[in-house]
Structure formats: C-alpha cells, structure tokens
Protein chains: 2
Amino acid sequence: MKDTLFQHSTIGALMGGMFDGTLALNEVLTTNRTMGIGTLDGLNGELIIVDGTPFQVKVDGTVHEVDKRTKTPYVAVTNFEKEGEVAVTETLSSNQFKEKLKQAFSSVNTFQAVKVKGTFQKMHCRSVEKQEKPYPRLVDAAKDQVEFTRETVEGVLLGFYTPEIFGSIAVPEFHLHFLSDEHDFGGHVLDFTLEKGRVEWQTMETLEQHFPIKNNDFMEATIDYENLAEDIEEAE
Amino acid sequence: MKDTLFQHSTIGALMGGMFDGTLALNEVLTTNRTMGIGTLDGLNGELIIVDGTPFQVKVDGTVHEVDKRTKTPYVAVTNFEKEGEVAVTETLSSNQFKEKLKQAFSSVNTFQAVKVKGTFQKMHCRSVEKQEKPYPRLVDAAKDQVEFTRETVEGVLLGFYTPEIFGSIAVPEFHLHFLSDEHDFGGHVLDFTLEKGRVEWQTMETLEQHFPIKNNDFMEATIDYENLAEDIEEAE
C-alpha cells in the first residue's frame, strides 16, 4: 500500500527485552518497503535500510551490508515517495531541524517519513551490543551503548516521526538513523548539526502494525511496561 | 488481509472531539471487514457491524440499519474467523467473562477479536447523542449518555481486546458493543451477566491503523491528550 508505514513488533516490546529476531529481512523488504530503521536478532547493532539495502552498524562502529536471511526483532519501513522537500543552506542544529520539519509536515497527528541527503558538520550516533539470553530490558542493555561522533560527513539521515499517542509503540517524535555515503560510519542518531542538504518528508496514511505471533516469548511474556516513557527517553 | 484489525482514526482522537465523519461505511465494509464497532458522524450513537451489516443504536435506544453512505469518525472492524471457542453453560459476570477470555487468548500482547452469541441474564448498555460543532471532548459529551438495561435478552456481543501499550489509540482491554437478535436493543456495553452462549475469539496478526488525512480538523488540530487514560476510563 502507498503511504504505509510497516512496523514489526513495537518499541514497547523491544524495551521489554523482546530481542529475538522474529521476521526475516527478506519478508520485510518488499518493493513497497525500501527505507527504514530497526535492529537485528539479539539487539545486534543498528539497522538502516537505504533504497532497499539493509546495513548494520555494529557496536564497534563498523558498517556491513546485511544478509537478508537475518531476522529482526523490530523494524519500521516504508516506500518512500517524496511529498514535500526543502533545501537547507544554513546550518541547523538537530533541534532546529526537528522544529522546522514539524512546521512543514501536513500534520503532527499522523506518522511522517523523513529522509535527508546532506553534509553534516557533526553527526553523533550510537550502537548497541548483541545480547544473550536471558535478555535484559533495553534501558539496561543501552547502558553499554557505544557512541561515535564524526565531523564533516556526507550521508543519509532517515526515519520516522511518531504522533504523541503512539509514543509507547514507536519512539515519540523523531526516530532517526544515519549512514555515511562512504558506508564507514552511522548508527542510531543522538544529535547532529546539518550544514547543507535536501530534506524530504512524506505523510503516512496508514500504520501497518505487525505482531510476532509465532514467537512464544512475545506471545507469552508478561512484559514490564512500568516507566516505559521514561525508559524510552533514556534509551532512545 | 487475514487476521487484520482495521481501525480508522483512534480513540485518542475521538476523545479529543474529532467527531466529523471521515470515512464512508461503503469504504470500511469490504469483504474482509464484516464485524466491528464504532460510532457515526457527529458521535451519532453507537455503531455495531454484524455479518457486514451496520446498525446504529441511537441515544433514544432505537436500533436502525445504517445507510452505507454514512460516514464514521471512528471504527474498528475485522474479518471474523473463529480461532477458538468455548461453550458457556454457567452464569458469568462481565468481569468473570473477561478473565476467562484473557486466559483463553493466544496472547494479551496482541489485539484479539471477540464474538459471543448468547442469552444474557442482564445487559447494560449506553448510547450517546449526536453532537454539534464546536464539538466538546468525548468525556464531556459522554456525561449526557443514556443508559439502558434489559433482562433476559438474546443477541450478539462483539468487539476487541487491546493490549496495554495500545491503550491510548483504542480502549484498553475490552471494547464491546451489543445487538439483540430482535434488533430492538443494544449499544456500547457497560456490563452484563452471560447466562449461556458460545464465546469465540481470534488473534489479530496485524493492526491496520488508518488516519483521516483528508480531514483538515484532524490534520491541523492540537489535540488535548491530557488525562487521556483517565478520560477513556470515565467515558468508555
């Protein structure tokens, strides 16, 4: 479907330690799902999908193209068809960038997809380490995250905007991952300074929320959602 | 799609007063969407869809088949294909019924569809009055709801179970509407006593969450979500 955000599992379940890969990238990446973000089996680094190709940013900072037989415990992906765009010619902090986009969006009551091709004066990312069972909660796993900063880097920044009331199933407001054009740097984005580039976005008409119904751990778990909002804020 | 719960708009938006009909029942009721619940343009009573036919329970308690050109501001609907069932032969209160079902479900971490054909020793329903613009918040509109109780009534009770973290976009846990076999009684269910009947359910693998992107009020609104959980508890 056009303008559909496909999400497998939820940030809430991921926060609760549901790290088992439950859907192969082969099944995720149809012709209508070519751009997205997520993680891999066991919380094995950060996943970014660019033009249908999945890349993993490992906890050591290295970037690898991912075998599509690999399974993901959490992924959000869409067809990306630019609806609006703006050329950035003046340096923007990540907060300025977000405010500008929220003004440009058709609505903040729907999901929005975001894609930026640009030069970043600074890009500050993180990745996470593959976990072993019994899995911890994500807020605890993220305490061992590794952060990376690069100055003057060209690449693609992409992800999604989530409306407030969906903030327990996806990261509230912006959830963005980055991949450098050289494929040597990236990850889950913490903050950045955008020097120049082209910012594009697209209104999502539909959220297709898919559940890992064949995974016994997910189906049978009593997931601990206490402090979910605070934990997402801390871990994401 | 099989095992898909289609939802147009959200309970959160409805609570915020987004009562304009934004999708015609003709567009809602495809061959794969034959059972469901919702309301009608302007919060005009309670909507229940049984075997593809939409019925409205007005605030005066009368039941009417609905013209499918009528628009809805909020609806949740599925194909219903029984996955599990249990025969009830001993009287159950609504709370006992809910506990029994939660035990029977494949999971409480996914949406579930529920359908009961039975005889109810007591059925306690409500309906709401059509609102005029500027629309109030639902919690205020619901203060004028009219309640109805009937003893020993046969009919169909149906709706959905919503997992905890989706509790701001759909009614948390059970959201059920009722229609008597005589089509002379029904509404949004407050509580009941089930005397005997057949209880059926189905795991929803996918939530297809659709947004009213052509409605300017929805797109441009700054929706007040303060006290959302408390207001849903009070109004629903």
Side-chain angles (χ1 to χ4, degrees), chain A residues 1-16 18 22-23 83 102-103 105-112 162-170 172 202-229 231-232, chain B residues 1-16 18 22-23 83 102-103 105-112 162-170 172 202-229 231-232:
Chain A
M1 264 183 305
K2 196 174 170 294
D3 301 329
T4 293
L5 169 56
F6 173 87
Q7 178 168 275
H8 176 70
S9 196
T10 62
I11 278 289
L14 197 71
M15 294 300 299
M18 302 289 112
T22 41
L23 192 67
E83 165 194 323
K102 283 164 69 174
Q103 295 296 324
F105 288 159
S106 60
S107 177
V108 293
N109 298 324
T110 56
F111 286 84
Q112 302 277 343
T162 294
E164 180 180 350
I165 59 166
F166 289 83
S168 52
I169 67 161
Q202 177 189 10
T203 303
M204 301 281 95
E205 181 169 356
T206 301
L207 166 70
E208 185 181 346
Q209 171 62 53
H210 183 254
F211 295 90
I213 64 165
K214 288 172 187 156
N215 181 261
N216 286 338
D217 284 355
F218 172 79
M219 294 297 271
E220 289 164 14
T222 302
I223 301 174
D224 176 7
Y225 293 124
E226 209 183 337
N227 306 318
L228 180 59
D231 286 357
I232 292 176
Chain B
M1 265 182 303
K2 197 173 169 293
D3 301 328
T4 293
L5 169 55
F6 173 87
Q7 179 168 275
H8 175 70
S9 195
T10 62
I11 278 289
L14 198 71
M15 296 298 301
M18 301 288 112
T22 41
L23 192 67
E83 165 194 321
K102 283 164 69 174
Q103 294 295 325
F105 288 159
S106 60
S107 177
V108 292
N109 298 324
T110 56
F111 287 84
Q112 302 278 342
T162 293
E164 181 179 349
I165 58 167
F166 289 83
S168 52
I169 66 158
Q202 177 189 9
T203 303
M204 301 281 96
E205 182 169 355
T206 300
L207 167 69
E208 185 181 346
Q209 171 63 53
H210 182 254
F211 295 89
I213 63 165
K214 288 171 187 157
N215 180 261
N216 285 338
D217 284 355
F218 173 79
M219 293 297 270
E220 288 164 16
T222 301
I223 302 173
D224 176 7
Y225 292 125
E226 208 182 339
N227 306 318
L228 180 59
D231 286 357
I232 293 176

Which region of A/Glu164, side chain (C-beta onward) or backbone (N, CA, C, O), has a non-hydrogen atom less than 4.5 Å from a non-hydrogen atom of chain B, or is it both or neither?
side chain
What part of A/Thr203 gets closer than 4.5 Å to chain B, counting heavy atoms only: side chain, backbone, both or neither?
side chain
Cut-off 3.5 Å, no hydrogens considered: what does the side-chain donor-acceptor table look like for residues 210-221 of chain A, sequence neighbours left out?
residue: A/His210; atom: ND1; partner: A/His8; partner atom: ND1; Å: 3.0
residue: A/His210; atom: NE2; partner: B/Glu205; partner atom: OE2; Å: 2.7
residue: A/Asn215; atom: OD1; partner: A/Asp217; partner atom: N; Å: 3.4
residue: A/Asn215; atom: OD1; partner: A/Phe218; partner atom: N; Å: 2.8
residue: A/Asp217; atom: OD2; partner: A/Lys133; partner atom: NZ; Å: 2.8

Where does A/Leu5 contact chain B at under 4.5 Å (heavy atoms): side chain, backbone, both or neither?
neither
What is the distance from atom CD of A/Gln209 to atom CZ of B/Phe166, rounded to the nearest 0.5 Å?
4.0 Å
Please classify the contact between B/Thr10 and chain A as side chain, backbone, both or neither, with a heavy-atom cut-off of under 4.5 Å.
side chain
Identify the two heavy atoms, one from B/Ile165 and one from A/Ala13, that lie closest to each other, and give their separation to 0.1 Å.
CD1-N, 4.5 Å
Would you give the length of the straight line joining atom OG of B/Ser107 to atom CD1 of A/Ile223, rounded to the nearest 0.5 angstrom?
7.5 Å
